[in-house]
There are 2 protein chains.
Amino acid sequence: MNIYDIAKLANVSIATVSRVVNNSPKVSPKTKEKVLAVMKENEYTPNAFARGLGLGSMKTVGIICPNIDDIYMAKAVSYLERNLHAHGYDCILGCSGFKQEEKVDYVRLLLSKKIDTLILVGSTYAGNGKDESDTDYIREAAEQVSVFMINAKVSGDNIYCTYADDFQATYEVTKAFIRRGKEKILFMYDSESYSARQKMAGYEAALQDAGYPIRGNLKFKTKNDIEYTRDMLLEYNRTLDFDSVLATEDGIAIGAVKYAKIKGLAIPEELAVVGYNNSILAISSDPELTSVDSKLGVMCKKTVERMIDLLEREIQIEKNVCVPCEIVRRCTTDF
Amino acid sequence: MNIYDIAKLANVSIATVSRVVNNSPKVSPKTKEKVLAVMKENEYTPNAFARGLGLGSMKTVGIICPNIDDIYMAKAVSYLERNLHAHGYDCILGCSGFKQEEKVDYVRLLLSKKIDTLILVGSTYAGNGKDESDTDYIREAAEQVSVFMINAKVSGDNIYCTYADDFQATYEVTKAFIRRGKEKILFMYDSESYSARQKMAGYEAALQDAGYPIRGNLKFKTKNDIEYTRDMLLEYNRTLDFDSVLATEDGIAIGAVKYAKIKGLAIPEELAVVGYNNSILAISSDPELTSVDSKLGVMCKKTVERMIDLLEREIQIEKNVCVPCEIVRRCTTDF
DNA sequence: ATGAAAGCGCTAACAT
DNA sequence: ATGTTAGCGCTTTCAT
């Protein structure tokens with residue numbers, strides 16, 4: 001069943017059918033009704049490809065994240081999908097992994113599918129902070145469609161970023177630790193992503209402002225893996241002296257909690273722990289984890305809102321939006 | 001840049017360009033090279049909509065799950081995406097929620113986007129087991145594209161199902177409980193989905209086979225929410241007597257663990273607990289959770305393999321595939 | 001091996 | 001308010 005069939009059955013031209021389908025005001029109620037009836041009777045659905053070809057759009061946005069099997073990414077995609085669906089857009093999802101080449105390939109692939117917009121979720125897409133060139137593929141993509149980044153900052157025309165104020169959050173957590181008498185705050189991270197760099201910078205700034213030294217061996221690189229982190233701490237704890245942990249991921253923080261239990265350290269008195277993302281892990285942990293909530297829902301909503309403004313209302317939109325975090329206090333800290 | 005431009009620049013017809021793009025064997029190496037050069041030079045990418053219109057396919061599969069902000073669903077989508085991507089298919093993702101009407105709408109929506117195949121993830125799409133009619137929309141969809149269900153069983157032409165052997169798994173867990181002297185096994189569930197029904201049936205069968213009574217008050221409906229479950233148990237424990245918990249979700253099981261801690265019950269001696277899905281929650285818990293692994297990775301792989309066989313090789317494929325579960329033993333049980 | 005031309009099903013400008 | 005028609009960019013059949 002195509003538009004010609006419907007037109008014939010309804011005794012009108014295909015233009016009229018098209019108008020009815022697209023809710024054009026200039027078609028008489030009578031013919032509209034007639035056409036709708038024929039359409040319903042034959043369960044007609046316009047061919048999306050033909051429509052896309054004519055219009056140059058299928059109302060689809062591409063979402064790329066490194067790995068949706070990650071609570072944080074899944075949450076982001078969930079928020080994005082909901083907001084986009086509400087505005088009549090569909091999501092085509094890609095999981096690129098963390099390798100540069102695959103990121104580049106995946107972006108190209110989605111562009112070739114003629115998406116209306118590209119959303120890159122995660123701080124890994126902001127590059128390593130050293131070479132500008134490793135984000136060139138994003139600027140290239142932005143020549144074809146507008147690109148929205150979530151939790152990453154990349155400069156370039158037609159690139160719009162939304163990110164959490166991670167600097168401020170870790171600054172405040174570190175200050176709070178210091179106020180409660182903690183002197184040896186272990187900063188645990190698992191990548192050099194944009195977001196991780198912001199977090200480390202906040203940590204360092206707070207130490208500096210308090211007149212504390214920044215000690216390299218208190219910056220501890222690990223993996224976002226509970227058991228790996230726990231074992232690393234057990235291994236290094238002879239040479240490492242710390243009374244609190246600021247982790248860039250909840251999984252890392254829970255590794256620290258597990259370590260404390262094995263060592264018989266009281267939480268938070270002997271070891272205070274703060275995680276990040278306020279994921280379900282934070283409350284599944286025992287004791288429940290104090291965690292920084294990066295307000296992912298807010299970020300996703302703001303992203304989609306601006307996207308719609310740009311795509312449909314052609315309004316001027318904010319280029320970069322920074323969202324404040326919230327520190328959710330639970331049992332692994334005494335502040 | 002379209003196919004005409006390339007044809008002109010390469011001094012060939014659009015048919016030849018099309019042949020080159022589609023890797024047709026009947027084009028001389030020389031012209032092929034020439035065309036490829038022009039294409040590269042101009043960064044030509046075929047228009048996906050036009051291609052879709054001609055071919056009737058954009059190599060896209062629709063994936064619908066109730067909610068990707070759920071560890072299990074996210075894992076499934078992750079596996080599916082990876083396998084599909086490897087075969088050159090893209091995923092368009094929809095989160096339908098659990099309401100019947102929205103499921104129906106979302107299926108229709110994706111069908112109208114001319115997906116090559118539809119994958120429904122989650123046992124919620126199998127209906128409530130009472131009305132056949134609540135899965136009619138799936139059979140309707142299957143008239144247009146083949147439908148693959150993950151962890152659900154729905155009968156109908158062109159519908160292919162892959163599900164875990166949940167019956168066997170809960171049967172074995174229950175038997176193991178009984179062998180270890182547990183007499184009052186609390187079955188905790190959060191829905192009447194297909195999978196939940198299988199789990200309950202396995203539990204009941206094991207009790208029956210052991211000559212134990214099936215007591216209605218030992219079937220406890222809750223939510224897949226740690227705190228809610230914990231509080232429900234605290235509230236009902238005056239009237240409820242149980243020495244072990246078999247939960248249909250890890251989150252529920254952790255709620256039971258939290259309850260045991262508050263009540264000062266030793267795990268697993270005074271309260272043994274088994275969760276489901278072997279999610280990250282199982283190891284973030286303390287003590288770590290014994291959990292049934294439903295082999296989601298295997299299910300997803302089998303699904304995509306059959307899909308490719310059907311779509312590209314037009315081979316006869318298995319209609320229903322049942323995958324055995326694995327019981328991952330950790331610290332909340334003594335078996 | 002290559003080209004010409006007829007679709008694929010729709011939208012939108014233009015004509016009436 | 002409705003119809004005619006020219007694209008949109010590709011695939012594919014049929015000639016050559």
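First the proteins, then the strands, lettered A, B, ... as listed; each starts at 1.
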Exercise. B:Ile3 CD1 to D:dG7 P: how many Å, rounded?
Worked result: 18 Å

For this session: Determine the interplanar angle of the A:Tyr194 and A:Tyr163 rings, folded into 0 to 90°, and report it as parallel if under 30°, tilted if 30 to 60°, perpendicular if over 60°.
Result: perpendicular

Exercise. Taking NZ, NE, NH1 and NH2 as the nitrogens, is one of them in B:Glu102 or B:Lys99 under 4.0 Å from a carboxylate oxygen of the other?
Worked result: yes

Exercise. Hey, does A:Tyr4 reach any base, or is it just sugar-phosphate, or nothing, if we go heavy atoms under 4.0 Å?
Worked result: base

Exercise. Between atom CG in B:Asp5 and atom P in D:dG9, what is the gap in whole Å?
Worked result: 9 Å

Problem set entry | Sub-6.0 Å ring centroid separation between A:Tyr160 and A:Phe148 | yes

Exercise. So does B:Glu33 pair up with B:Lys30, basic N to acidic O under 4.0 Å?
Worked result: no

Exercise. Just wondering, more than 12 heavy atoms not from A:Asp131 lying within 6.0 Å of its CG?
Worked result: yes

For this session: Supply the atom-to-atom distance A:Thr303 OG1 to A:Leu296 CG, rounded to the nearest 0.5 angstrom.
Result: 9.0 Å

Exercise. So, are B:Arg139 and B:Asp136 salt-bridged, with charged N and O less than 4.0 Å apart?
Worked result: yes

For this session: Using chain B heavy atoms and a threshold of under 4.0 Å, write down where along DNA chain C the contacts begin and end, 5' to 3'.
Result: C:dA1 to C:dG9

Exercise. So does B:Lys59 pair up with B:Asp116, basic N to acidic O under 4.0 Å?
Worked result: no

Exercise. Which nucleotide in the set D:dC10, D:dT12, D:dG9 lies at the smallest distance from any side-chain heavy atom of A:Leu53?
Worked result: D:dG9

Exercise. In whole angstrom, what separates B:Asn2's CG from D:dG9's P?
Worked result: 5 Å

For this session: Could you identify which residues of residues 7-27 of chain A place a heavy atom less than 4.0 Å from some atom of DNA chain C, listed by residue number, or say none?
Result: A:Ile14, A:Ala15, A:Ser18, A:Arg19, A:Asn22

Problem set entry | Under-4.0 Å side-chain N/O to phosphate OP1/OP2 contact, B:Arg51 with D:dG9 | no

